[in-house]
Amino acid sequence: MHDERLESTAAGALERTDAIAEYDVAVVGGGPAGATAAWDLARRGTKVLLLERGFRIKPCGGAIPPRAVDQFEIPASQIVARIKSARMIAPSDERVDMPVGDTYVAMVDRDRFDPFLRERARDAGATLVIGAFRELEYQPDGRVKLTYLDKQGEGGMNSVLAKAVIGADGATSRVGKQAVPGADKLKCVLAYHEIVEAPEEGSAADYLPTRCDVWYQGRLSPDFYAWVFPHGKHASIGSGSARKDYSAPAAVAALRRDVGLENAPTVRREGAPIPMKPLKRWDDGRAVLLAGDACGVVAPASGEGIYYALLGGRLAADAVTEFLVTRDPAALRLARKRFMKLHGRVFFVLGLLQRFWYGSDKRREKFVAMCRDPDVQYLTWQSYTQKELVKERPKAQVRIFFKDLAQLLGLARA
Ligand SMILES: Cc1cc2nc3c(=O)[nH]c(=O)nc-3n(C[C@H](O)[C@H](O)[C@H](O)COP(=O)(O)OP(=O)(O)OC[C@H]3O[C@@H](n4cnc5c(N)ncnc54)[C@H](O)[C@@H]3O)c2cc1C
């Protein structure tokens with residue numbers, strides 16, 4: 001990596017090397033995963049750098065479960081809407097409403113949410129630097145040298161030394177590609193959405209500020225789903241697919257027409273990849289650990305990633321803390337082990353669900369019809385809002401399991 005300041009003069013290089021900042025941990029990426037890792041580490045008194053390129057607002061539907069609000073102390077001021085039901089729309093246009101019950105789905109705006117998380121980490125003692133990570137180099141003493149393009153102060157290339165690095169730089173993680181075997185093979189859905197001004201109350205648009213609409217129609221997405229998510233003054237209208245021959249902007253234009261929001265003023269148009277499956281390895285066996293989208297922790301079928309990124313950041317902070325104490329790189333593996341123990345089963349089931357039910361319009365039709373079942377609704381909302389496998393209603397779980405299995409094996413007609 002070219003570093004003008006290091007190369008300028010021998011004396012300059014010495015001065016620069018002497019002045020290089022040293023940290024216990026450098027966290028790359030200040031989204032939900034990285035900012036939470038830095039927050040937790042700083043609160044423990046760890047000397048931590050949080051490096052964020054500050055390039056753009058993260059494209060995101062912004063739906064988070066109440067469990068995220070409680071567990072990660074998200075203040076009410078960050079919640080721009082509370083959703084009380086989801087409407088599932090089948091290829092035939094059949095609609096099934098799923099009321100959330102006595103809880104809610106919280107909507108956050110990432111243009112305010114991410115800066116809030118970063119500021120919180122800084123207030124706890126993390127050093128927040130606006131800069132774009134470029135390269136890491138392992139040092140003979142076991143530390144890692146990180147080089148980044150500084151976007152504040154004098155600018156130019158800069159470097160720091162850290163005993164451990166957390167790569168929380170999203171689905172296209174540069175840290176992952178440079179340090180963790182297999183990270184360059186992360187499979188993704190490409191998701192795209194348009195942020196529009198929400199319609200006035202009483203408008204003709206098919207829109208409710210407290211209802212998320214989820215469209216399961218092959219014409220809008222051949223292998224995922226399309227959505228309309230309310231965000232207070234705004235709404236996110238989006239779609240996604242892993243297929244290369246698919247045009248998300250065309251699908252979103254069609255959806256906007258269908259719901260009567262084709263003329264709503266557009267605030268932003270943006271897209272980004274959503275990982276489809278957690279990586280098999282999250283660390284380099286030396287000093288680098290990935291968290292959040294960087295290691296693929298997004299729930300299949302739903303594309304929900306914010307809660308898992310917040311949790312992944314926390315688990316990464318715990319594992320790195322153990323690594324700093326023991327100096328045993330095996331401690332880094334604990335993050336994945338603990339995450340998969342908590343959510344591995346749900347991710348596996350959701351992966352099967354996506355592969356089977358999102359495979360054709362015929363199956364989507366049956367899937368939406370299944371959502372009428374009060375037990376399906378109850379179990380879906382319980383597991384989404386609480387992020388725990390529901391222990392109640394075991395008979396309902398067994399019944400749904402066998403109904404699902406029958407569909408998978410082609411034994412059932414309905
Ligand atoms: C269109 C769309 C809609 C979605 N809707 C939802 C939803 O409704 N609910 C939900 O739960 N999830 C949703 N997701 C998924 C969710 O956005 C992600 O799973 C979540 O943001 C992951 O958090 P993260 O911190 O791991 O990564 P990110 O949020 O991607 O954060 C990574 C951070 O790293 C920074 N960075 C990247 N490269 C560098 C670098 N070289 N140097 C320094 N910093 C760098 C970025 O600027 C960014 O701030 C959606 C995703 C998309 C694309």
Side-chain angles (χ1 to χ4, degrees), residues 1 23-41 46 48-55 58 114 117-118 121 126-139 142-149 159-186 188 272-275 277-298 305-306 308-324 329 331-339:
M1 182 55 50
Y23 292 91
D24 293 323
V25 185
V27 180
V28 180
T36 304
W39 182 46
D40 279 4
L41 287 164
T46 308
V48 55
L49 166 75
L50 177 57
L51 181 67
E52 165 58 41
R53 70 181 168 183
F55 169 55
K58 166 77 187 187
D114 291 21
L117 296 173
R118 292 195 280 269
T127 302
L128 175 61
V129 167
I130 303 303
F133 162 76
R134 287 292 166 83
E135 193 179 53
L136 60 78
E137 267 173 71
Y138 296 98
Q139 303 297 294
R143 290 189 296 175
V144 180
K145 183 174 162 196
L146 281 190
T147 304
Y148 62 93
L149 176 66
S159 298
V160 296
L161 284 169
K163 293 177 192 153
V165 173
I166 295 178
D169 47 343
T172 55
S173 174
R174 208 179 241 254
V175 175
K177 284 181 192 130
Q178 287 184 28
V180 178
D184 54 339
K185 306 219 164 51
L186 190 65
C188 290
I274 304 183
K277 205 176 169 191
L279 291 174
K280 290 213 161 70
R281 229 179 126 169
W282 295 4
D283 68 279
D284 66 345
R286 295 170 81 172
V288 178
L289 174 62
L290 303 179
D293 274 16
C295 54
V297 291
V298 173
I306 301 174
Y308 298 110
L310 294 163
L311 179 67
R314 174 153 294 170
L315 295 176
D318 291 347
V320 159
T321 301
E322 285 169 63
F323 168 68
L324 291 177
L332 300 173
R333 291 207 293 270
L334 293 171
R336 186 179 193 279
K337 202 170 160 196
R338 289 170 181 155
F339 184 92

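Residues take their numbers from the sequence shown, with the count starting at 1.
- Atom CZ of F133 and atom OG1 of T147 lie 8.0 Å apart (nearest 0.5 Å).
- Here the CG atom belonging to L310 is positioned 6.5 Å from the CG atom belonging to L117, to the nearest 0.5 angstrom.
- The distance from the CD1 atom of I130 to the CZ atom of R53 is 11.5 Å, given to the nearest 0.5 Å.
- Atom OH in Y23 sits 10.5 Å away from atom CG in L50 (nearest 0.5 Å).
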Begin from the C-alpha positions of V27 and V48 and carry the test side chain to side chain contact (heavy atoms under 4.5 Å, CB included) through to its verdict.
CA-CA 7 Å; V27 180; V48 55; 3.8 Å; yes
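- With salt bridges taken as basic N to acidic carboxylate O contacts below 4.0 Å, none links D169 and R174.
- Side-chain contact check for Y138 versus V288: some heavy-atom pair is nearer than 4.5 Å.
- Side chains of V175 and L146 form no contact here, defined as non-hydrogen atoms less than 4.5 Å apart.
- The 12-atom threshold is not exceeded at NZ of K277, counting heavy atoms of other residues, nucleotides or ligands nearer than 6.0 Å.
- When side chains are defined from C-beta on, P329 does not count as touching D283, because their heavy atoms never get closer than 4.5 Å.
- Counting all heavy atoms, side chain and backbone alike, A35 lies closest to R118 at CB-N, 4.0 Å.
- Nearest heavy-atom pair, V298 versus G305, reported as atom, atom and distance to 0.1 Å: CG2-CA, 4.0 Å.
- Taking each heavy atom of A171 and D293 in turn, the nearest pair found is N-CB, 3.5 Å.
- The shortest non-hydrogen separation linking A331 to A319 is O-CB, 3.5 Å.
- By the 4.0 Å N-to-carboxylate-O rule, R338 lies close enough to E322 to be salt-bridged with it.
- The distance from atom CZ of F323 to atom CZ of R286, rounded to the nearest 0.5 Å, is 10.5 Å.
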So R281 and L290, side chain to side chain contact (heavy atoms under 4.5 Å, CB included) or not? Walk me through it.
CA-CA 9 Å; R281 229 179 126 169; L290 303 179; over 6 Å; no
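- Taking CG from L332 and CD1 from I166, the interatomic distance works out to 9.0 Å, rounded to the nearest 0.5 Å.
- Contact of the V160 side chain with the Y148 side chain is registered, since non-hydrogen atoms from C-beta on lie closer than 4.5 Å.
- With hydrogens and angles disregarded, a donor-acceptor distance shorter than 3.5 Å links the side chain of Q178 to the backbone of L136.
- Annotation: salt bridge (charged side-chain N to carboxylate O under 4.0 Å, His left out) contacts of R333 (sequence neighbours excluded): none.
- Closest approach of S173 and A294 over heavy atoms only: CB-CB, 3.6 Å.
- Of all heavy-atom pairs between G182 and L279, the closest is O-CD2, 3.7 Å.
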